[in-house]
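Just so you know, these numbers use all the heavy atoms, side chains as well, and skip hydrogens, waters and symmetry mates. Index from 1, following the sequence.
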Amino acid sequence: MAATSTNPDNREAPGGPGTGKGTGSATSTTPTRRGTELVLLAFATVVVTCALTLVNLNLESQPPNQILYYGVAFLALFGLAHLAVRRWAPYADPLILPLVAFLNGLGLVLIHRIDIGNAAEAERAGDAFSPAAPSQVFYTALGLVLLALVLVFVRDHRTLAKYSYTCGLVGLVALALPAVLPSMIAPNINGAKLWIKLGPLSFQPAELAKILLLIFFASFLVSKRELFTTAGRRFLGIDLPRARDLAPVLVAWAASIGIVVLERDLGTSLLFFGIVLVMIYIATERAVWIAIGLSLFAAGCLAAYSLFGHVQQRVDAWLNPMTSDSGYQLSEALFGMATGGIGGSGLGGGRPAIVPYAKNDFILAAAAEELGLLGLAALLLVYLLLTARGLRAALAVRDSFGKLLAGGLGFAMLLQVFVIAGGVTGLIPLTGLTTPFLAAGGSSLVGNYVLVGLLLRISDASRRPQQPSKPQPQQPPIAEAHTELVERPR
């Protein structure tokens with residue numbers, strides 16, 4: 001028999017976020033759908049292996065042993081990830097992991113294809129060359145290990161709310177760390193201070209800060225929701241917030257402007273402030289916060305443009321890619337996408353390697369050149385579907401903290417893809433963000449796998465059957481109750 005809800009009015013249990021019981025909305029007949037996940041992972045493996053074979057047949061006439069290495073490594077890594085999900089999150093959404101595997105595999109194909117082009121250019125120039133595809137496999141393995149660790153140690157996503165202020169403090173420190181460290185440890189690369197280098201190792205702390213700050217914002221908005229829902233004065237039919245309630249938004253705005261000033265990082269600034277605004281909107285359902293936030297961000301962008309030459313170069317490259325000195329990268333990407341056309345030049349048939357940083361910032365341009373407009377549209381639909389599954393988990397989970405956290409995690413991926421796709425196609429200025437799961441880069445890949453691990457945990461909680469409550473003894477009405485004689489004690 002299906003279990004019935006013990007909380008019919010859909011309220012949280014007392015104790016604040018992270019203490020309520022029965023987060024699942026599914027019944028005891030809900031299937032785990034792990035078999036569906038396994039079939040989809042096998043399909044993604046076949047697609048990735050066939051794509052690798054096409055690349056090598058078009059460029060090297062015969063498939064080398066690397067195809068076997070990449071194909072077996074891909075199957076083994078995601079097979080182990082499937083076993084981890086089956087063991088520790090059996091009711092998680094069966095589409096999230098296969099979608100991530102498909103994106104990660106297609107990114108590996110594009111990186112391998114660009115490696116071949118870069119190797120040929122290096123050979124003609126007599127320079128040394130090291131491929132990026134093997135390191136991408138390593139970082140994929142590391143990311144999947146961290147995903148499994150998230151599922152093992154975070155058995156209930158609501159426990160994260162207990163450490164929200166610690167996460168917020170650590171996140172802010174990680175976000176500001178490259179700006180305060182000397183250039184010897186945090187070098188200026190392409191006009192931005194984003195990386196920390198410790199010997200041969202380098203990482204981008206903003207990827208960790210993104211997740212930690214999401215946890216903090218979700219808990220803060222649950223506990224302080226009244227600050228954002230209390231209406232102030234009414235102007236033109238709109239209930240404006242009170243002036244004293246603007247402090248959290250102003251702090252987030254100041255932090256995002258500080259990222260631009262100290263680290264010259266437009267992408268992280270936009271991502272950070274955009275996530276804050278969307279989570280406030282999810283918590284309050286008041287569009288006035290979006291309008292206030294966008295106005296503040298527009299004012300900050302105008303000030304940054306007038307003060308910093310780095311921002312001016314980005315805008316000039318966006319407006320005049322063919323004539324600007326800094327627009328070579330964007331102009332080559334636009335030419336490559338135009339060459340690909342509707343159907344693309346085919347895997348291995350284009351020249352995406354001539355675009356600087358093609359395997360990092362401009363990997364979407366490489367995909368558009370060889371897969372065409374149709375392939376790029378299909379790729380963006382995969383990202384949209386992945387975001388939709390994350391938002392579906394946010395709708396299904398019953399605690400407010402889980403709703404805000406899942407909504408923020410899903411929107412973070414969507415906003416990042418929008419900013420990257422807009423910059424590559426010339427819709428908005430370039431920001432320097434990397435495409436989730438597709439682009440080469442260890443910090444981004446590992447951080448996004450931790451994000452997916454949290455989404456899987458929340459999805460498992462939203463679909464897990466509720467434990468039926470113990471039946472309460474039925475008391476008969478007083479009028480029908482039997483009369484019992486009670487003797488007075490002597």
Legend entry - Side chains of D399 and H157, donor plus acceptor under 3.5 Å: yes
Legend entry - F297 CZ: over 12 foreign heavy atoms closer than 6.0 Å: yes
Legend entry - Main-chain N/O of F216 paired to S164 side chain as donor or acceptor, under 3.5 Å: no
Legend entry - Exercise: identify the closest heavy-atom pair between P205 and P178: CG-CG, 3.6 Å
Inset, instruction - Go through I215 and L405 one step at a time and tell me if the side-chain contact (heavy atoms from CB on, under 4.5 Å) criterion holds. - result: CA-CA 6 Å; I215 296 172; L405 182 57; 4.1 Å; yes
Legend entry - Close side-chain approach of K210 and F272, heavy atoms under 4.5 Å: no
Legend entry - Minimum heavy-atom distance between L330 and P321, given as atom pair plus value: CD2-CB, 3.9 Å
Inset, instruction - Please test V150 against L146 for side-chain contact (heavy atoms from CB on, under 4.5 Å), starting from the C-alpha separation and ending with a verdict. - result: CA-CA 6 Å; V150 168; L146 291 179; 5.5 Å; no
Inset, instruction - Please round to the nearest 0.5 Å and tell me the distance separating atom CG of L59 and atom CD1 of I116. - result: 5.0 Å
Legend entry - Any S443 side-chain heavy atom under 4.5 Å of Y139 side chain: no
Legend entry - Atom pair CD1/CZ of I282 and F411 - distance to nearest 0.5 Å: 8.0 Å
Inset, instruction - Could you check if a side-chain atom of F43 sits within less than 4.5 angstrom of a side-chain atom of P98, using non-hydrogen atoms only? - result: no
Inset, instruction - Give the minimum heavy-atom separation between G447 and I211, together with the two atoms involved. - result: O-CD1, 3.2 Å
Legend entry - Heavy-atom side-chain contact between I290 and I280 under 4.5 Å: no
Inset, instruction - Answer yes when K359 and D115 have at least one side-chain N-carboxylate O distance shorter than 4.0 Å, and no when they do not. - result: yes
Legend entry - Side chain R457, main chain W88, donor-acceptor under 3.5 Å: yes
Inset, instruction - Taking the side chain as every heavy atom from C-beta outward, state whether L214 and M279 have any pair of such atoms under 4.5 Å apart. - result: yes
Inset, instruction - Please round to the nearest 0.5 Å and tell me the distance separating atom CD of Q416 and atom CG of N448. - result: 6.0 Å
Inset, instruction - Might you point out which heavy atoms bring R113 and E370 nearest each other, and give the distance in Å? - result: NE-OE2, 2.6 Å
Legend entry - Spacing of L221 atom CG and K403 atom NZ [to the nearest 0.5 Å]: 15.0 Å
Legend entry - Approximate separation, where rounding is to 0.5 Å, of L142 CG and L445 CG: 8.5 Å
Inset, instruction - Give the intermediate values and the outcome of side-chain contact (heavy atoms from CB on, under 4.5 Å) for residues F78 and T45. - result: CA-CA 9 Å; F78 283 97; T45 303; 5.9 Å; no
Inset, instruction - Given side-chain contact (heavy atoms from CB on, under 4.5 Å), test D93 with R392 step by step and report yes or no. - result: CA-CA 9 Å; D93 194 311; R392 184 178 185 274; 4.3 Å; yes
Inset, instruction - Might you confirm whether atom OH of Y163 has over 12 heavy atoms from other residues, nucleotides or ligands at distances under 6.0 Å? - result: no
Inset, instruction - Heavy atoms only: give me the nearest F74-A101 pair and the separation to one decimal. - result: CZ-O, 3.1 Å
Inset, instruction - Check whether any side-chain heavy atom of Y383 lies under 4.5 Å from a side-chain heavy atom of L414, and answer yes or no. - result: no
Legend entry - Close aromatic pair by centroid cut-off 6.0 Å: F437 and Y449: yes
Inset, instruction - State, yes or no, whether a side-chain contact exists between V145 and L80 at a heavy-atom distance under 4.5 Å. - result: no
Legend entry - Beyond-backbone contact of F217 with L404, side-chain heavy atoms, under 4.5 angstrom: no
Inset, instruction - Taking all heavy atoms of A367 and all of L110, pick out the closest pair and write down the distance. - result: CB-CD1, 3.7 Å
Legend entry - Identified side chain to side chain contact (heavy atoms under 4.5 Å, CB included) partner of F362 from the options I420, V355, I114: V355
Inset, instruction - Can you spot which of L364, V109, I111 makes a side chain to side chain contact (heavy atoms under 4.5 Å, CB included) with L438? - result: L364
Inset, instruction - Nearest 0.5 Å please: distance from the OG1 atom of T434 over to the CG atom of D361. - result: 7.5 Å
